[in-house]
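Presented below is the structure to which this report refers.
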Amino acid sequence: MSALVLTLREAPRRTIDASPLLPERLMGLGKRQIAGLPLHTGNCRIALGDLFTIAPGEAETLVLHGATGRLDRVGQGMTRGAIRIEGDAGAYLGHAMRGGQIFVEGSTDLLAGCAMTGGVLRIEGDTGDFLGGALPGERTGMTGGAVLVGGRAGDRAGDAMRRGLILVQGRAGDFAASRMVAGTLVILGRCGADPGFGMKRGSLLLGEEPEHRLATFNDNGRHELPWLRLLASHCAGLGWSGRLPGADGARLRRLSGDLANGGKGEILIAEAPA
Amino acid sequence: VNLNGVLIEDTFAEAFPMRATRLVVTADKAAWARTAALSMTGFATSVIACGCEAGIERELSPDETPDGRPGISVLLFGMSSKDLAKQVQNRVGQCVLTCASTACFSGIEAEESLPLGKALRYFADGFQIAKKLGSKRYWRLPVMDGEFVVEDTTGLVKGIGGGNFLILATSRPAALAAAEAAVVVMREVPGVIMPFPGGIVRSGSKVGSKYKGLIASTNDAYCPTLKGQTETRLGEPVEAVLEIVIDGLWEDAISRATAAGVRAACALGHEGGVVAISAGNYGGKLGPHHFHLHKLLA
């Protein structure tokens with residue numbers, strides 16, 4: 001059976017809290033029940049059917065279609081199933097997601113994958129600040145699962161991240177892996193200034209030299225690191241087909257830090273091809 | 001039953017439940033993975049005095065291993081989870097961690113697990129790094145040639161130990177030729193190891209001894225030089241007997257290995273000096289797994 005498709009009737013003028021749009025919540029509901037589900041926008045309540053046209057299908061896979069860029073909190077707390085967004089997504093995409101898969105064809109706003117604990121989040125386009133990071137005021141960011149970004153990421157990707165994998169194929173902003181506790185953040189494009197600010201443990205793998213390096217990282221020399229082969233096969237298992245620096249046995253520059261916070265984290269930097 | 005002129009005795013091998021795990025050892029070169037595996041499975045012929053029974057299951061090509069390097073899969077069998085855990089920790093710690101360029105992974109998925117890197121990580125003295133990738137956790141231990149990567153735990157399964165058969169022959173060279181031929185084909189069967197040196201035992205044992213404190217002693221009924229001196233099981237032409245002991249992860253694997261081994265030994269035929277094939281048991285009262293030779297060859 002085909003997927004359940006929700007198409008926005010028109011571009012919303014305000015952001016919509018789309019957190020009720022979860023496959024697990026919509027499973028087993030009829031078209032009328034789905035149309036009657038309340039959604040919030042600002043201080044107003046609107047029935048789902050007033051915003052979306054509904055093409056009934058198996059809700060195990062939910063497709064969101066149309067001008068979806070103002071849908072916030074899509075997949076919030078999701079545990080299973082799949083959501084496919086045929087367009088952009090708003091902020092808090094996959095917030096506190098625990099399982100299942102979210103695929104975004106376009107770009108997203110800030111805090112995608114924040115506080116997520118499991119599942120796979122794939123963004124084909126760009127994403128905003130605090131990718132896989134911690135909510136404002138929270139001390140822990142992502143603690144599991146995987147986030148794959150085809151485009152660029154904003155500032156402070158992987159902020160206070162504790163476990164899991166974030167892979168950004170394009171560039172990233174300043175302070176990547178800020179306050180990182182553990183886990184793995186890969187940025188294949190050039191990243192902005194001062195990656196690893198306040199980093200405690202964890203690995204930040206960079207495809208290029210960052211714009212500026214913190215003085216609180218020590219150079220450990222160039223090394224071949226066998227665990228990158230495991231990381232590469234893990235990424236391949238997630239459906240990513242790129243080339244990971246160091247997985248072919250090439251040496252990487254290793255920096256340890258942030259020495260201002262214990263210094264057990266690492267930044268691995270691929271060397272420019274000669 | 002006769003196979004190529006060789007008598008297959010109407011008897012059975014009696015085997016026992018054991019606890020088992022499979023480890024995958026990889027290295028930069030296949031030869032170093034083998035060196036580590038040989039070292040780790042050394043002095044692991046019998047649980048009577050070695051703590052565990054271990055052996056190489058097979059070589060793995062780079063596309064079969066977690067890190068894409070050449071590898072070896074090793075099976076280890078112990079009498080209890082606790083015994084096996086200790087042996088895994090000691091053997092991997094002393095023989096794989098120490099071996100140049102290696103890494104060590106779990107080779108079997110199971111509900112239960114044994115500590116692997118979880119126990120060895122302390123060697124890194126606080127410099128160890130955990131990496132959780134998907135559902136698997138690995139440890140990176142800084143060592144002098146870089147980093148030793150080891151999986152956190154390895155799967156713990158129920159295995160079977162003590163499958164066996166005996167080759168009765170007219171001379172020692174004939175018995176050895178038949179046993180060698182058997183081991184070659186048995187090594188092709190997945191899920192089994194033949195833990196004794198070269199896969200072959202020449203000192204088969206019986207339970208008990210005339211001496212206090214010895215739990216096993218020579219199987220005098222099968223010692224050719226004791227014919228006439230003890231209640232022998234050997235006929236006139238038999239001058240040498242060799243045994244092949246098989247530990248396996250599944251009953252079916254032991255059955256297949258036994259059948260393949262017996263057929264290969266019998267291929268040398270009566271002209272090759274092979275007189276009969278038998279098997280060791282304790283009357284069927286001790287071990288729950290019985291491998292009847294006639295049934296296996298049917």
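To find a chain, count down the sequence lines: A is the first, B the second, and so on, and within it residues start at 1. All values reported here derive from a predicted model rather than from experimental measurement.
- B:L133 touches chain A through backbone and side chain together, each having a heavy atom under 4.5 Å away.
- Residue A:R201: no heavy atom, backbone or side chain, is found under 4.5 Å from chain B.
- Residue contact with chain B, scored on non-hydrogen atoms closer than 4.5 Å, involves the side chain of A:E266 exclusively.
- In summary, of the residues considered (B:V149, B:V25, B:T65, B:L116), a side-chain contact (heavy atoms from CB on, under 4.5 Å) with B:F105 occurs for B:V149 alone.
- Under the 4.0 Å criterion applied to side-chain N and carboxylate O atoms, B:E151 and B:R137 are not assigned as salt-bridge partners.
- Contact of A:H223 with chain B is not made at all, since no heavy-atom distance falls under 4.5 Å.
- Residue contact with chain B, scored on non-hydrogen atoms closer than 4.5 Å, involves the backbone and the side chain of A:T184 alike.
- There is no contact between A:L238 and chain B, counting heavy-atom distances below 4.5 Å.
- Of the two parts of B:F127, neither the backbone nor the side chain holds a non-hydrogen atom closer than 4.5 Å to a non-hydrogen atom of chain A.
- Of the atoms belonging to A:L165, not a single heavy atom falls under 4.5 Å from chain B.
- Within the 4.5 Å cutoff, no side-chain heavy atoms of A:K264 are placed close to those of A:K200.
- Using a 4.0 Å cut-off between a side-chain N of Lys or Arg and a carboxylate O of Asp or Glu, A:R253 and A:E209 do not qualify as a salt bridge.
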Determine, stepwise, if the pair B:D28 / B:R69 fulfils salt bridge (charged side-chain N to carboxylate O under 4.0 Å, His left out). CA-CA 6 Å; B:D28 285 349; B:R69 299 192 298 170; 2.6 Å; yes
Begin with the C-alpha distance, continue with both residues' side-chain angles, and end with the deciding distance and a verdict on side-chain contact (heavy atoms from CB on, under 4.5 Å) for A:T216 and A:F197. CA-CA 9 Å; A:T216 49; A:F197 178 83; over 6 Å; no
